[in-house]
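Below, read A as the first sequence line, B as the second, and so on, with proteins coming before strands; counting in each chain starts at 1. All of these numbers come straight from a predicted model, not from anything done at the bench.
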Protein chains: 2
Amino acid sequence: MFSAWAVAGIPEIVAGIDLAAVIGDAISQTDEGLADGDILSITSKIVSKAEGRSVAAEDREDAITAETVRIVATREYPGGVTRIVENRQGLVLAAAGVDSSNTPDGTVLLLPLDPDASARALCAAIRTRFGARVGVIITDTLGRAWREGQTDVAIGAAGVRVIDDLRGSTDAGGRALNVTLPAVADEIAGATDLVKGKAAGLPVAIVRGLGHLISGLDEPGARALVRPAAQDMFRLGSDEAYARGFAAGRTDPSP
Amino acid sequence: MFSAWAVAGIPEIVAGIDLAAVIGDAISQTDEGLADGDILSITSKIVSKAEGRSVAAEDREDAITAETVRIVATREYPGGVTRIVENRQGLVLAAAGVDSSNTPDGTVLLLPLDPDASARALCAAIRTRFGARVGVIITDTLGRAWREGQTDVAIGAAGVRVIDDLRGSTDAGGRALNVTLPAVADEIAGATDLVKGKAAGLPVAIVRGLGHLISGLDEPGARALVRPAAQDMFRLGSDEAYARGFAAGRTDPSP
């Protein structure tokens, strides 16, 4: 069994604030506190704010371009164009993760530069303060191929296994579970979205009861959940891949 | 706050069994029981078994072909080929969801024919038995584009909202949350994978504390989470789209 709840009392976050201290103070005010094996789920937005990753809204398009490693797909809609891109962290997402909701007027927020490093620093500070072996996940809200709606996933992680590698385990009938790699950090991120909520302004949640997933701070972070583009069957949008093929076919010299 | 736990004591499921009765009996033996607002998460495998969706293992490739509406991508590996396809339910997944782990020797399992209908029947029977307004989600384990590992998602649902439509809501700063459609049924499916586990043989879990998502039995099921191919920027694998474009380009008559 596990439980998940949002932490009340996180104030508005400003650039340069000691985020671990702010989160720790809020947790200390709760009845539940923090215990060995707990996993903190922190919305990336407040990490970005603390790290000063804000830019002026009129620079939004330039910011998206700067955060973009590679354009994956584009789609026009009335009044604009959506760019699905691979960003600095390898994430494939709309607008490179540049966010304009719940931001101070006239500004937009970029994702943390290195969410795994942010998670490690937060995890180390919170472990020290509480003397508890906890994990930290930094979450963002992403769309998916093939499915409607968004889910929260882990874009940064420390002190928690991101994939529960079951290769080598067997099923109840003794057969090998040879392709099962549950992305547990993403499942935890999604679970905590159910209590944080988008509109409620609750950017931190705690999961209690999954202590078997806690790890050292030197284990791979959420970057390990990113499939390299070269191994990805969907590294390019269907229309974009078709157009590249069409152009190559028109100039193909072979008979 | 919500809690999630697996239900112990679900026996091996055979074709033709009254699955709602079996699940109800197991729940009745637990201390937690079942309460208004609870959501049951049921692994599709036991629904398939109860519905007799088993075929001989030697017919596996034919079964995949029969379940396939459309091939999305293929990739060769040493000793075989993985087919990513759109299946009858509109799901994009490997091997059309045909499953050979945790199945009786010599057999493979197909997905339920209509998982939303299965969920409705289970939900109606369990609501009647317990006199409680509960929801039912039927889950399967799917790979994703762009990200490593798998997560559990909802392939059938009844009595629970699958998307928490926040369009029209505002953020803490009063701005419209105009593109936020959390796929809560998928997030619940992923959350319960964390307690059901792949190797543990625990196919049913209960989530308590998300009663605001409970709905009538006539609301859209998990099919509403499937994006129609025509609206999908990743409806075809990159290599497959490129190849189609290349072929079209070679025969393009325009100057």
Requested in this report: Can you tell which part of Ile206(A) gets under 4.5 Å to a heavy atom of chain B, answering side chain, backbone, both or neither?
Outcome: neither
Requested in this report: State the CG-CG distance between Asp152(B) and Asp186(A), to the nearest 0.5 angstrom.
Outcome: 12.5 Å
Requested in this report: Please state whether the side chain, the backbone, both or neither of Leu210(B) comes within less than 4.5 Å of a heavy atom of chain A.
Outcome: side chain
Query raised in the report: Mind checking what makes side chain to side chain donor-acceptor pair (under 3.5 Å) contact with Glu219(B), not counting sequence neighbours?
Result: none
Requested in this report: Let me know if Thr74(A) has heavy atoms under 4.5 Å from chain B in its side chain, its backbone, both or neither.
Outcome: backbone
Requested in this report: Flag the one option from Ala224(B), Pro228(B), Gly237(B) with the top tally of heavy-atom pairs under 4.5 Å to chain A.
Outcome: Gly237(B)
Query raised in the report: With a 4.5 angstrom heavy-atom cut-off, which part of Ala145(A) approaches chain B: side chain, backbone, both or neither?
Result: both
Query raised in the report: Going through the distances and angles, do Asp232(A) and Arg144(B) end up as a salt bridge (Lys or Arg N to Asp or Glu O under 4.0 Å)?
Result: CA-CA 10 Å; Asp232(A) 197 314; Arg144(B) 302 89 59 83; over 6 Å; no
Query - Interface residue of largest heavy-atom contact number with chain B, from Val72(A), Ile163(A), Val153(A), under 4.5 Å - result: Val153(A)
Query - Step-by-step side-chain contact (heavy atoms from CB on, under 4.5 Å) determination, Phe234(B) to Trp146(A) - result: CA-CA 7 Å; Phe234(B) 302 92; Trp146(A) 318 318; 4.0 Å; yes
Query raised in the report: Tyr242(A) versus Arg244(B): any side-chain heavy-atom pair under 4.5 Å?
Result: yes
Query - Top of Ala73(A), Ala4(A), Gly149(A) for chain B proximity - count of heavy-atom pairs under 4.5 angstrom - result: Ala4(A)
Query raised in the report: Side chains of Glu148(A) and Gln231(B): closer than 4.5 Å at any heavy-atom pair?
Result: yes
Query - Main-chain N/O of Ala241(A) paired with Ser238(B) side-chain donor or acceptor, under 3.5 Å - result: no
Report task. Using the test salt bridge (Lys or Arg N to Asp or Glu O under 4.0 Å), find all partners of Asp99(A) that sit at least two apart in sequence or belong to another chain. Result -> Lys45(A)
Query raised in the report: Can you tell if the side chain of Arg75(A) reaches within under 4.5 Å of the side chain of Met233(B), non-hydrogen atoms only?
Result: yes
**Report entry** Pairwise side-chain contact, Leu91(A) with Arg147(B), heavy-atom cut-off 4.5 Å (strictly under)
**Finding:** yes
Requested in this report: State the CG-CG distance between Asp164(A) and Asp193(B), to the nearest 0.5 angstrom.
Outcome: 9.0 Å
**Report entry** Nearest atoms (heavy-atom pairs only) where Ala191(B) meets Ala191(A)
**Finding:** CB-CB, 3.7 Å
Requested in this report: Check each atom of Ala243(A) against the heavy atoms of chain B and say whether the ones under 4.5 Å are side chain, backbone, both or neither.
Outcome: neither
Requested in this report: Go through Val195(A) and Met1(B) one step at a time and tell me if the side-chain contact (heavy atoms from CB on, under 4.5 Å) criterion holds.
Outcome: CA-CA 6 Å; Val195(A) 291; Met1(B) 174 180 298; 5.6 Å; no
Report summary line: Answer key: most heavy-atom pairs under 4.5 Å with chain B among Leu194(A), Leu236(A), Thr151(A), Leu213(A) is Leu194(A)
Query raised in the report: Looking at Glu240(A), Arg208(A), Arg250(A), which one has more heavy-atom pairs under 4.5 Å with chain B than the rest?
Result: Arg250(A)
